[in-house]
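To start, the structure itself, in structure tokens.
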Amino acid sequence: MLNQRRGDGSLRHLITLEGLPRAELDALLDHAQRYVCALGARPPMNRALAGVTLGNLFTEPSTRTRVSFELAARRLGAEVINLEVQLSSRAKGETMLDTIHTLESLHFDGFVIRDSEPGVVAHVAAHVAPHVSVFSAGEAHLSHPTQGLLDALTVRQHKGVRFDSLSIAIVGDIKHSRVARSAYDVFTGLGVGELRLIAPPALMPANGEFPDGRRFTTPEQGLRGADVVMMLRIQKERMAQAEIPDGEQYFARYGLTAPRLRLAKPDAIVMHPQPMNRGIEIDSEVADGPQSVIRDQVRNGVAVRMAVLESVLRPRPVRA
Ligand code: NCD
């Protein structure tokens, strides 16, 4: 695995949350919390990253993540350019590194990368110049670290900082979900009391994965007494045609409806990373209901990305 730290131990890249110590996760979340602001208020801005240039390289669709990285960078005074560049196998090897080195010559200080191929983000990180940082905005089915952090921040805002007293249920297509993997990393890193995985057998991850998760094949068993219910989108783009579950049947067995949500604690919160398939994994009544914190997740995305960008791209000397 790529070392995402500098020689002094500070984070140089953010590619995974795996192995981040609790104190570091807490510090990032505290930092992000300072950037959270009420809707309708003027968002906090500063010049902490003035003079820094970031490139957004997204080769998979994204709305929320791309826009919120961009807003986060701009609110810290950085320059952001959306780059139309191919990174994956189609352009691997020389071409990809040539592209990166060309961009370095144009004084890019960091790249925010989303790609469907495992390893591309780390490959770029391993080959960029020492002053350049790489941020994952979603790597294949493997990880989505800033989503993990914004999910943790959302839980903390509603349930407090004591994760050891919480039972968190992740429901749906866990097998193909980078959101679930980063959620697992951050929640276990923060010492969660209990993590439950609820999925049909075909969408359950392999046995060696999520070692601390308790597995359930029905929401009726798995949702009982949960404090947090995190729903996932069915990742059709990561499945063979034959694997794709029938929407109506899936909703009947696994969709989060109001009666199913009543199995969880009365004050349980409902999360979803979006985009949502309403009527497949979640009923609109629940998605738009009083227990839903889905909009808080989006708002927290900008704050978390500000904290991550600022922590990693610490002020650099201005070169003549
Ligand atoms: C997620 C993603 O792309 O991984 N979306 C997001 O970043 N908010 C989840 C998904 O697409 O299901």
Side-chain angles (χ1 to χ4, degrees), residues 14-18 32 56-73 82 87-88 112-121 135-155 169-187 197-200 203-205 209-210 228-239 243-245 247 250-251 254-256 269-282 286-287 292-306 308-309:
L14 187 65
I15 293 173
T16 177
L17 297 177
E18 200 181 335
N56 264 342
L57 293 110
F58 282 65
T59 58
E60 272 196 314
S62 172
T63 316
R64 276 157 294 273
T65 306
R66 191 181 57 71
V67 169
S68 73
F69 259 112
E70 187 168 340
L71 280 176
N82 291 305
L87 288 175
S88 317
V112 178
I113 301 177
R114 167 172 286 196
D115 199 89
S116 61
E117 192 176 308
V120 165
V121 184
F135 302 87
S136 168
E139 177 183 3
H141 62 291
L142 292 173
S143 76
H144 193 349
T146 54
Q147 179 76 38
L149 290 169
L150 75 88
D151 288 338
L153 185 63
T154 308
V155 171
I170 304 181
V171 189
D173 183 7
I174 302 172
K175 180 176 174 181
H176 302 99
S177 174
R178 56 191 174 209
V179 174
R181 286 179 178 76
S182 284
Y184 179 84
D185 290 342
V186 74
F187 294 146
L197 310 175
I198 307 171
L203 300 181
M204 198 59 103
E209 286 197 279
F210 297 83
V228 175
V229 182
M230 179 189 257
M231 303 306 296
L232 299 173
R233 181 176 68 86
I234 304 262
Q235 305 276 304
K236 288 192 177 149
E237 70 278 26
R238 296 185 219 290
M239 292 181 203
E243 280 183 284
I244 295 173
Y250 184 85
F251 185 69
Y254 291 91
L256 189 65
I269 55 168
V270 174
M271 302 171 68
H272 191 301
Q274 304 200 69
M276 280 184 274
N277 293 307
R278 291 169 181 263
I280 297 182
E281 68 253 358
I282 191 164
V286 175
S292 169
V293 298
I294 296 170
R295 292 187 187 170
D296 295 5
Q297 289 174 271
V298 181
R299 178 197 60 179
N300 287 333
V302 180
V304 153
R305 289 168 182 127
M306 287 175 84
V308 165
L309 292 175

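The structure presented is a predicted model; accordingly, all values stated were derived computationally and were not measured. Note that ligands are numbered from 1 as they come in the structure, with each ligand's atoms numbered from 1 the same way.
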Can you pull out the closest protein heavy atom to atom 10 (C) of ligand 1? Residue, atom name and distance to 0.1 Å, please.
R233 NE, 3.3 Å

Any nitrogen or oxygen of P273, side chain or backbone, less than 3.5 Å from one on ligand 1?
yes

For atom 5 (N) of ligand 1, grab the closest protein heavy atom and report residue, atom and distance to one decimal in Å.
Q274 O, 3.0 Å

Would you say the side-chain atoms of R305 and S68 include a donor-acceptor pair closer than 3.5 Å?
yes

Specify side chain, backbone, both or neither for S62, according to which of its non-hydrogen atoms lie closer than 4.0 Å to ligand 1.
neither

T65 heavy atoms within 4.0 Å reach ligand 1 at atoms 6 (C), 7 (O)

Ligand 1 versus Q235: contacting region, heavy-atom distance under 4.0 Å
side chain

May I ask you to decide if H144's main-chain N or O and R178's side chain share a donor-acceptor pair within less than 3.5 Å?
no

Which of the ligand 1 atoms, numbered from 1, are nearer than 4.0 Å to a heavy atom of Q147:
6 (C), 7 (O), 8 (N)

My understanding is that only residues two or more places apart in sequence, or in another chain, count here; which of them pass side chain to side chain donor-acceptor pair (under 3.5 Å) with E281?
H272, N277

List the residues meeting side chain to side chain donor-acceptor pair (under 3.5 Å) with N56, not counting sequence neighbours, and say none if there are none.
N82

In terms of relative ring orientation, are F210 and Y184 parallel, tilted or perpendicular, with 30° and 60° separating the classes?
perpendicular

